[in-house]
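Notes follow once the structure below has been shown.
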2 protein chains.
Amino acid sequence: MNASSKPERTRLSAENWEDAALDVIAEQGVGALAVEALARRLGVTKGSFYWHFRTREALLQAALERWEQYGEREVIAQIEAIPDPRERLPELFRRVAHELQPHRVYAALLKALDHPLVVPVMARVSQRRTEFLATAFREAGLPPAEALNRARLTYAAYVGFLQLNFTLGLPRISHEDFDAYVEHMIATLIPA
Amino acid sequence: MNASSKPERTRLSAENWEDAALDVIAEQGVGALAVEALARRLGVTKGSFYWHFRTREALLQAALERWEQYGEREVIAQIEAIPDPRERLPELFRRVAHELQPHRVYAALLKALDHPLVVPVMARVSQRRTEFLATAFREAGLPPAEALNRARLTYAAYVGFLQLNFTLGLPRISHEDFDAYVEHMIATLIPA
DNA sequence: GGCGATCCATACTCAAGCGTATGGTAACCG
DNA sequence: CGGTTACCATACGCTTGAGTATGGATCGCC
């Protein structure tokens, strides 16, 4: 079950390439996904790559599919496990706010929305998450139409925050200020 | 005062190139900004370009500066002209929501945050707009700390909305649904 | 109306990055 | 333990797009 770290002298599989691709995407964006650079990163050459994948696009496609599948599983499951529906949203907000790592790929993909391959993936993921939020808002007491709009608003705020404070390094908000911001979000977006 | 249309047989200036660059950015993104393509679009060749600009990056830089300067002027002025402070924010929301054109460059630049040149520009612009929002929220009656957080939240929602519904073409929300969404935003984000 | 400055065309060079061809080595299997 | 299969190295071709060199056309101005 370990084959995704750095310098393992073993031979590579397609999944290794996909994981490495996602790492590069998270660190330097989709544009920096080049096969020769990736090969160097993995300690091999292009010859290896073109055995596993027919083209560069094929790798990107596979990596995106991989990310889409193994992406949100945990968070959604954890939140749905919370018994009181009215506690789910605040908990979701706080949890998401303090896990930076999983958002890096998402943020990187937001900056790559010109690429035709990432658009449908992001569309599906965002759609699912928004719907998840909508049901959560309904369970929290909002009428359906309002719940959907609130979900859109909330998810847009999440996406925008990623762009402004994550990739763009806006005035590097302090830790306690950030916590205050999260609580402010909870107070304004979640019905009492 | 007219020199930015398509097929004017006159000779070109640096400003013409910058405007054309912004058009391309708005339509196809920063990545599609290539000098030979731009030259074709303007009916000339690279020879012309490299007389006006030292490099491709120089053009991008100049175009971004141009956009940053002549960008928001009008909106802010118009809003500040509204006498009743409590009417400014709803009016701002509705106005911004129905002017799609000016947001195209901004949306395109959001997708180009990997490029080192656009980051500082976007940082400055977003910073200024957020501060503008913050004072508006203060004038609307929110205490300073809360006003700042509400401004952050609001602007993040704006940015996220651009990404999700503009560049990404999410479930193509209908016109009346969109209006309902805007009103929901107003009701949720603006203090009564 | 000629002359320097401005603007543009043509024809190159050069580097990056994808993809291909082909031969080599290590694993696995009978 | 020989041979097939899976994986990788090396060396090449090809395209795209940036940047350069240089000469031609056109404008402004005296």
Side-chain angles (χ1 to χ4, degrees), chain A residues 1-25 27-64 108 111-112 114-118, chain B residues 2-25 27-64 108 112 114-118:
Chain A
M1 189 63 83
N2 74 340
S4 57
S5 294
K6 302 283 175 54
E8 310 227 342
R9 228 14 108 185
T10 173
R11 308 167 97 189
L12 301 176
S13 71
E15 286 77 21
N16 295 133
W17 286 94
E18 296 168 11
D19 286 339
L22 287 175
D23 287 347
V24 169
I25 289 175
E27 294 168 10
Q28 308 173 262
V30 175
L33 186 62
V35 328
E36 281 164 313
L38 242 199
R40 276 193 299 275
R41 188 189 180 94
L42 287 171
V44 292
T45 67
K46 320 182 347 171
S48 170
F49 177 86
Y50 283 98
W51 192 90
H52 294 283
F53 298 92
R54 232 172 42 78
T55 168
R56 191 206 102 128
E57 301 279 281
L59 167 67
L60 179 56
Q61 178 106 33
L64 290 178
K111 298 190 292 186
D114 12 21
H115 198 111
L117 282 180
V118 325
Chain B
N2 73 340
S4 58
S5 296
K6 303 284 176 53
E8 311 227 340
R9 228 15 108 186
T10 174
R11 306 166 100 191
L12 300 177
S13 72
E15 286 77 21
N16 295 134
W17 286 95
E18 296 167 10
D19 286 339
L22 287 175
D23 287 348
V24 168
I25 289 174
E27 294 168 9
Q28 308 173 263
V30 175
L33 187 62
V35 330
E36 282 165 312
L38 241 200
R40 276 194 299 275
R41 187 189 181 96
L42 287 171
V44 293
T45 67
K46 317 184 348 173
S48 170
F49 177 85
Y50 283 100
W51 192 90
H52 295 284
F53 298 92
R54 233 172 43 76
T55 167
R56 192 205 101 128
E57 300 279 283
L59 167 67
L60 179 56
Q61 178 107 34
L64 290 178
D114 14 19
H115 198 112
L117 282 181
V118 324

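Just so we're on the same page: letters track the sequence lines, and every chain starts at 1. Just the heavy atoms: all of them, side chains too, but no hydrogens, waters or symmetry mates, feed the values below. Nothing here was measured: the structure is a model prediction, and the numbers come from that model.
- Nucleotides of DNA chain D that come within less than 4.0 Å of any heavy atom of chain B span, from the 5' end to the 3' end, D:dG17 to D:dC27.
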Scan the side chains in residues 54-64 of chain A for donor-acceptor partners under 3.5 Å anywhere in the protein, sequence neighbours excluded, and list what turns up.
unit_1  : atom_1 : unit_2  : atom_2 : d
A:Thr55 : OG1    : A:Glu57 : N      : 3.4
A:Arg56 : NH1    : A:Leu33 : O      : 2.6

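- B:Asn16 places a side-chain N or O within 3.5 Å of a backbone atom of B:Ser13 that can act as its donor or acceptor partner.
- With sequence neighbours excluded, the residues forming a salt bridge (charged side-chain N to carboxylate O under 4.0 Å, His left out) with B:Glu36 are B:Lys46, listed by chain and number.
- Considering CG of B:Asp23 and CG of B:Leu38, their distance stands at 9.0 Å, rounded to 0.5 Å.
- Of all heavy-atom pairs spanning B:Thr45 and B:Ala39, the tightest one is C-CB, 3.6 Å.
- Closest non-hydrogen pair, B:Val24 versus B:Ala32, comes out as CG1-O, 3.7 Å.
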Protein-nucleic acid N or O pairs under 3.5 Å, nucleotides 22-29 of chain C:
none

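- Looking at residues two or more places apart in sequence or on another chain, you find a side chain to side chain contact (heavy atoms under 4.5 Å, CB included) between A:Ala37 and A:Ala34, A:Arg40.
- The aromatic rings of B:Phe49 and B:Trp17 lie perpendicular to each other, with more than 60° between the two planes, well past the 30° mark.
- Contacts of B:Glu15 classified as salt bridge (charged side-chain N to carboxylate O under 4.0 Å, His left out), with partners at least two apart in sequence or in another chain: none.
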Below 3.5 Å is the cut-off: list the nitrogen or oxygen pairs between protein and nucleotides 16-20 of chain C, distance only.
unit_1 : atom_1 : unit_2  : atom_2 : d
C:dC18 : OP2    : A:Val35 : N      : 3.3
C:dC18 : N4     : A:Lys46 : NZ     : 3.4
C:dG19 : OP1    : A:Thr55 : OG1    : 2.8
C:dG19 : OP2    : A:Tyr50 : OH     : 3.4
C:dG19 : OP2    : A:Thr55 : OG1    : 3.0
C:dG19 : OP2    : A:Arg56 : N      : 2.8
C:dG19 : N7     : A:Lys46 : NZ     : 2.8
C:dG19 : O6     : A:Lys46 : NZ     : 2.2

